[in-house]
Structures are given as C-alpha cells and as structure tokens.
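In what follows, a single structure is set out as structure tokens and then discussed.
Quick caveat, the model's predicted, so the values are computed rather than measured. Below, chain A is the first sequence line, B the second, and so on; all start at residue 1.
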There are 4 protein chains.
Amino acid sequence: MSDTTGARARRPRTDAQRNRTHILDVAEQYFSEHGITGSLDAIAKQAGIGPGTLYRHFPNREALLAALLKAREDELVSRHDAIRREVRDSTEALAQWLEALGRWSTAFEGLPEPLRMALTEDTSPLALTCQGYITITDEFLTAAQRDGGARPEVRGRDLFLSVLATSWVRSAAMADESSPLALNALMRTGWAIP
Amino acid sequence: MSDTTGARARRPRTDAQRNRTHILDVAEQYFSEHGITGSLDAIAKQAGIGPGTLYRHFPNREALLAALLKAREDELVSRHDAIRREVRDSTEALAQWLEALGRWSTAFEGLPEPLRMALTEDTSPLALTCQGYITITDEFLTAAQRDGGARPEVRGRDLFLSVLATSWVRSAAMADESSPLALNALMRTGWAIP
Amino acid sequence: MSDTTGARARRPRTDAQRNRTHILDVAEQYFSEHGITGSLDAIAKQAGIGPGTLYRHFPNREALLAALLKAREDELVSRHDAIRREVRDSTEALAQWLEALGRWSTAFEGLPEPLRMALTEDTSPLALTCQGYITITDEFLTAAQRDGGARPEVRGRDLFLSVLATSWVRSAAMADESSPLALNALMRTGWAIP
Amino acid sequence: MSDTTGARARRPRTDAQRNRTHILDVAEQYFSEHGITGSLDAIAKQAGIGPGTLYRHFPNREALLAALLKAREDELVSRHDAIRREVRDSTEALAQWLEALGRWSTAFEGLPEPLRMALTEDTSPLALTCQGYITITDEFLTAAQRDGGARPEVRGRDLFLSVLATSWVRSAAMADESSPLALNALMRTGWAIP
DNA sequence: CATGAATGAGGGTTCATTCAT
DNA sequence: GATGAATGAACCCTCATTCAT
C-alpha cells in the first residue's frame, strides 16, 4: 500500500528501530501537510502499520510530537553552538537564538499550542524540551543583560513565550506575510536597549 | 430547560427573536465555562432547542462567536468613546485601547484562535469585527505617532495581532500569572517611544 | 448496503420509530447469533446506519438490551396473566412463572450475566426490569407459601437468582441438554414442600 | 507435567522452571485482584517477561487458569482425603465436598465462567480438571444415595454444575451477601432427602 | 421556522496472538 | 527458550452538519 521508501518490506527484529524511523518520517510529512491535529490513525495507515504499533512507539500525540522535535533538537543545538562560537555581541546572539527558536516552533502548523500547554502541564513529554530551551534562553538573556543590551526586567520565560506567541500568529498561512516580521521587530524593540 | 413552559405558544416570529437571545445567553455561559471549543450540540440541548435551530440562527461556531462578541461590542465602543473623551494623551489613549482589546479577546478561553484565523480568511463572520477594531487601533496609533508617542514603523494590524498573541499566551490557566503582564509590558516597550 | 427488509429505503421523519424498530430487529438477530457481547458497531453496520444513530437510540449495550427485553416483556406479562387466570394451584403457578422467567432469561447467549449485575448496580437500565420480576416472583411465592406449597425461608430474590443461575448454566450450547432440566428439578425440589 | 526428570538441577532449563513458577505467582495475584478477565499482557509485564514468554508457557488464558487451579488441586485433594477419613456420614461428606468445591470455584472473580465452558468444550485444558472433580462428586453422591441420603435421580455432574452456578451468583460483589447462602441451602434441600 | 433524527468519519485505546531475532 | 515488536480488528463514543418533517 505504501512501500514508498521500501524501508519496511520484511519485518526483521531490527525493524523496531527502522519502523520507528519510518513512522517519524511519515508523521513529519503528515504533520507538515495537515498540521499537528491530523489523524494519528491516518499516519499509521500511511506508514503501513497498525494503530497499535504506532501506539506502542508513541503512546499519544504529544509523545510523537516530542520525538519529532527531538529530531530537530540537533539542529537547534548546533545552531546554539554556532551562535556561541561565532556571534560575539551578546545581544545579537540572543536575537539569533530567538530567531532559531522561532523557526523551531513553526515546524508544524499548530505546534505552538501544545508547546504553550507544555509549559503549564508538566506531565507533557514536551515540557522537558521547553524547559531546556527556556534555560538556554535565560543564558543568552543574562549575558545580554550583563552587557547592557537587554532590559533587566525581562525574563527568559517571557521571551520564550513571546517567540511562541509570534509563531502562533504566523500560523495558518497568513495572507499578510509581513505581520510576523513586524511582530518580531516589535518584540525586539521590546526587550532590547537601543 | 426553561422552554416548553407554554410561554412561547402563540406568536410565530417573536419566537425567533426570543430564541436567538436565549441561545446567546446560553452560549455565553457555556463558552465561559467550557471554552469556545465546547460542543455546539450541548449548547443547543442546554438551550432546550434542537441542533438544527441553533444551526439556523448561527450556521457555524464562528457565526455564534461573532454574535456573542457583537454583544460585547457596545462595551468596547463605549470604552472607545470614553477614552476619546477623557484621555488627552494620545499614547496613553492607545495603551488603554489596547488594554480594552485585550480584555475583549480573552472573553472566552480559546477565543484568540478564531480571531487570528479571521484575519486570514475573509469569509469568517469575525473578519468584519476584527477589521473594525484594527481600524480603530489605527486611528489611535496614528494619533500617537503624530504626537511622537509611538514608533512610526508600527502598524495597527500588528498591534492588534500582538494583543491577540498576548491573550493567547494568557489562555489555558497559565500557572505563572505574571507572564501575560510581562508580555504586555514587553509589547508596550516595543511600540512606544519612551 | 443492507436493505434486507426494505423498511428503510428513504428517511422520512417517521423513520425515527421505524429505525428504532429496525435496530431492534437487527440487534435481536445479532445477539441471538453472537451472544450479547457482540459488537455494537457491527449491529449498526448491519442495520445500515451509522454508529451515532445506534448510540442515539441506545446509549449503551445495556440500554439496547433493556429495549430488547422490553419487547419480550409483553410476552412475559401475558404469561403472568395467563398463569394467574388458569392455574389454580399456587405452587404450580409459581413453578410455571419460574419456568417463564427461565425462558425469558435465556433469550440471548450471555444474558444472565448483565441481569445478575443489574441486581447489584442500580444504575443499569435492566435493574428496574429485574426488580419488577422479583416482585412478581415474590407474589407467587407468598401465595405458595401461604398454601403450604413452598418452604417459608425462601425469598423471591433467591428464586430469581436461581433462575438466572440455571439459565447461566444452560448457556453456551451445552452438549448435555439434560443438565438444565436436572438443575431445574433440583431447584424445584429445593423450594417446594412435597 | 512433561518435564521428564527433575535431576538436571543446574543449567539451561532451570530458568524455564523458575519463570513458570514466577508467572504463576504473579498471575495468581493478578487474577485475585482483577478477576480472570484481566489483561494477559499486564501479567507478563508485571512478571518482567515478554508476552511471548508467557504465551510459550501457557498458550492461552485457560491454560494459565488450569495451571493456577492445579496448584490448588492439592488443597482440594487433601480436603477430599480428610472428608473421606473423618466424615462418617456419607450425606454430610457429600455436603462438605460440595462446599469445598464451592470455595475452589470462587478462587478468582469470574472463574465459574470458563469452568462451565470447559464442560462443553472438551478442548479446554480445564476440562480434565472438571471431569476429575465430577467423578469425585459422583463417588460421594453414590455413597450418599446408597445410604438413602441423596435423591436417586440426581447426578454428580448436575451437582457440580449447581456449585458453579451458585459460585457464579456469588460473583461480582453482590450487595446482598445472604443470597449465595440461600442458594446453597436451596440446592441442598434440592438434592438431599430429609 | 423549528425540530431532532440521521450521518459517518474520526477520536484514542486495548489486547490476544504471532513470529523474527 | 526468551524476547518484545508487530499486528489489526474491535471497542465505545463524539460531534458538526444535513435534511425530512
């Protein structure tokens, strides 16, 4: 039905891993197209597996999402390192980090919603991820504040939320593409000291 | 629950009006309690009418929402007038208007979502409402910009979106109550000229 | 898809009742074949309706069962009347009533189970039905006891339970058809005074 | 059962034995708590083994149950011996044996069901066990009948079934605790000759 | 106009059983 | 042997929307 990749023709035991990867591939594609509220069963079907198998790997939507984001974590981490390495100006570093976060949180249509919720409910598999990024944000922010580049009253958590909020605005194929940019600019004016 | 009392036994058209009002009352209450994603069927049932009747009055959830917000329009309009009348400082006027908008857009849990969508899809019954408020925002903004109180590059639409974004963050019973305030402050710092 | 009966070709409003009847017909047949644990969805499908429709009429399995038994209630009630009218001997009357109960409780494979549960959980739609029959049993029993035909220590509830228990034994296509009869005899010896 | 010798105490097979025992321990506990319809997967997980391993030892739920009951066989057998030894009156002996059977068949919530089925389907691993007990019941019964303590038309199989039926009634936490006792009494009156 | 029955895809979830390793 | 991933049918239930009456 969907041996598109040919990755899962037989089912050797190794396919545990292989299947997992395949699911993630399909989910990635599916969420990209239909947003994160798409049907999990549909993903399973498209991956050529039973719903039970999907459920075994990822007990719920958030777990799947978390795994999907995990895959992008590397990207974000290396971006983090790169900024650390290359950007001398701490304010600019913070700005670039926030921009990277913005890209990360717009990976899928509707993603900001569960991310925001994860900040409230610690039970979410996404909570840890978010917390980690807030911490990083705090590091960049502290540096910028120390260097007089960011307002002292701002907190990392607030910046993270602003990023989510901006990403949320960006969602749903905004006709006016300039709005997110405007919001970003507005935000930056908000936390930066000129 | 309160129908069938025989109160609406005779006149044909008055029913429609009374029904409409009743629906709105019930929906107001229901959305307040369960958020805007609650079941429309439940609203109909609670209003003592069939789902078809609800549908006749409001062809979809957004239409119902629009009607509900219409009822709050008066509030917002009079707030608008009051600000116009009483607040001399144009920057402060803009700030107060945005604050009023913020209250308006948090009337129901989850409301920011359809409002944002309404900005994209002009087909939404909410679109008109939003457009009107964007226009008003623009008026206040223009005045503030003319008086040197707001950055010239900012647009009314962007401010409206930031209000929505902040309201969105506020949603879902955020444990940390200070975040929305922080975001508001950040936004204000963003558009204001100190 | 399954206009077997031809009863539901179009869907006039009257079909509410007609559908209900049709569902009951199908369920009757289905439960007869597969036992009461059969799939409700399958019944819906076989009836040519969506699961939602089934659910509207009968919110759960027990409700459906109760409706199905209601249909047999007439049978039992008229049997009750007939016994009252025709059987002079109170002991024989009780015996015949218990026999009628036995037939009633073996209408479907597995039926005794929810009936027994209904005696514990008053929430079950079957509870009322059972209670009613226990009351009738008590009436017959009291008469028999008064006439010295039944042991005084026996209670109607116990007899009802014995009937259920015997029916339970009878279930599942017992190879040895004589066992239920033997149990019935044993039971009768149990409560009767020779 | 077919573990050939018990001499090879050390190497490979010991695991198997130990595992088997462990599974039985866990299953005993699990069935005691959740009734016999609980999830086999859960038992496997709780025993720290894979479902496949469980399946290897016990190809299905009934096999597991049979093994579990086997463990209680000793208890029942020694009860049997004790009755044989100590109870002179054959009628009383039969009564005590039936009581022992009753305790045995209520070891787990829901146990009577598969036991009854085992009487129909000879394929069940429980069938043999049941047959054995029916035979014993027949022995006691024959003795009682010979001594004029039990009605001649009653058969051991019927008594066994009545025990199951009574146990079945007892299940599911009947609110009315007296009912099972009443049923027992009724049954005894049924087979005994006063 | 009001009604409410019908629709039916879709939701998440469970679990006995098989089988590659 | 032991393992545990895979399977996939089946479960019950929800709800926005349509449409005959």
Side-chain angles (χ1 to χ4, degrees), chain A residues 8 10-20 23 37-42 44-45 47-61, chain B residues 3 8 11-17 19-20 37-45 48-61 64, chain C residues 8 10-20 23 37-42 44-45 47-61, chain D residues 11-17 19-20 37-45 48-61 64:
Chain A
R8 46 170 303 286
R10 295 128 315 166
R11 39 280 177 61
R13 183 41 9 93
T14 329
D15 65 8
Q17 188 52 44
R18 203 177 303 169
N19 235 337
R20 199 190 137 93
I23 292 175
T37 56
S39 154
L40 292 191
D41 274 28
K45 195 166 295 179
I49 60 172
T53 306
L54 176 57
Y55 192 73
R56 156 175 283 272
H57 285 287
F58 311 102
N60 52 51
R61 173 173 264 111
Chain B
D3 67 335
R8 34 177 289 287
R11 288 288 137 50
R13 288 319 200 299
T14 323
D15 280 3
Q17 257 312 324
N19 242 337
R20 201 189 135 91
T37 54
S39 152
L40 293 190
D41 266 34
I43 292 178
K45 194 166 296 178
I49 60 173
T53 308
L54 176 58
Y55 194 73
R56 161 165 294 277
H57 285 290
F58 311 101
N60 52 47
R61 172 174 262 111
L64 179 54
Chain C
R8 45 169 305 286
R10 296 129 315 167
R11 40 277 176 63
R13 183 40 11 91
T14 328
D15 65 9
Q17 189 51 44
R18 203 176 303 170
N19 236 336
R20 198 190 136 92
I23 291 175
T37 54
S39 153
L40 293 191
D41 274 27
K45 195 167 295 180
I49 60 173
T53 306
L54 176 58
Y55 193 74
R56 156 174 284 273
H57 285 287
F58 311 101
N60 53 50
R61 172 173 264 113
Chain D
R11 278 293 158 9
R13 298 309 208 302
T14 321
D15 279 3
Q17 256 315 324
N19 241 337
R20 201 189 136 90
T37 54
S39 152
L40 293 189
D41 267 34
I43 293 178
K45 194 166 297 177
I49 61 172
T53 309
L54 176 58
Y55 193 74
R56 161 165 294 277
H57 285 289
F58 312 100
N60 53 47
R61 172 173 265 114
L64 179 54

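Across A:Ala44 and A:Pro51, no two heavy atoms sit closer than the pair CB-CA, 4.0 Å. Across all non-hydrogen atoms, the minimal contact from C:His57 to C:Asn19 is NE2-CB, 4.3 Å. Closest non-hydrogen pair, B:Leu40 versus B:Leu54, comes out as O-CD2, 3.4 Å.
Atom CD1 in C:Ile23 sits about 14 Å away from atom P in E:dG8, given to the nearest Å. The separation between C:Asn60 atom CG and F:dC11 atom C1' is 14 Å, rounded to whole Å. The distance between atom CG of C:Leu40 and atom C1' of F:dA9, rounded to the nearest whole Å, is 15 Å. Regarding C:Arg18, its CZ atom lies at a distance of 11 Å from the P atom of E:dA6, rounded to whole Å. The interatomic distance linking B:Arg61 (CZ) with F:dA16 (P) rounds to 5 Å, in whole Å. The CD atom of A:Gln17 sits 16 Å away from the P atom of F:dG4 (whole-angstrom rounding). The distance from atom CG of D:Leu54 to atom P of F:dG4 is 13 Å, rounded to the nearest whole Å. In this structure, B:Lys45 places its NZ atom 11 Å from C1' of F:dT14, rounding to the nearest Å.
Nucleotide E:dA20 is matched to F:dT3 when pairs are restricted to Watson-Crick or G-U wobble geometry with both distances under 3.5 angstrom.
Between C:Tyr55 and the phosphate of F:dC12, there is no side-chain N or O to OP1/OP2 separation shorter than 4.0 Å. When the side-chain nitrogen and oxygen atoms of D:Asn19 are compared with OP1 and OP2 of F:dA2, one or more of them lie within a distance under 4.0 Å. Within the structure, every side-chain polar atom (N or O) of B:His57 is placed at least 4.0 Å from both OP1 and OP2 of E:dC1.
Place C:Thr53 and B:Arg56 on DNA chain E by their nearest nucleotides, and B:Arg56 ends up nearer the 5' end. Judged by closest nucleotide on DNA chain F, C:Pro59 is the one of C:Pro59 and B:Asp41 placed further toward the 5' end. If A:Arg20 and C:Ser39 are placed on DNA chain F by their nearest nucleotide, the residue sitting closer to the 5' end is A:Arg20.
Note on A:Pro51: a base of the nucleic acid sits closer than 4.0 angstrom, heavy atoms only.
Between A:Thr53 atom OG1 and A:Ile49 atom CD1 the span is 5.0 Å, to the nearest 0.5 Å.
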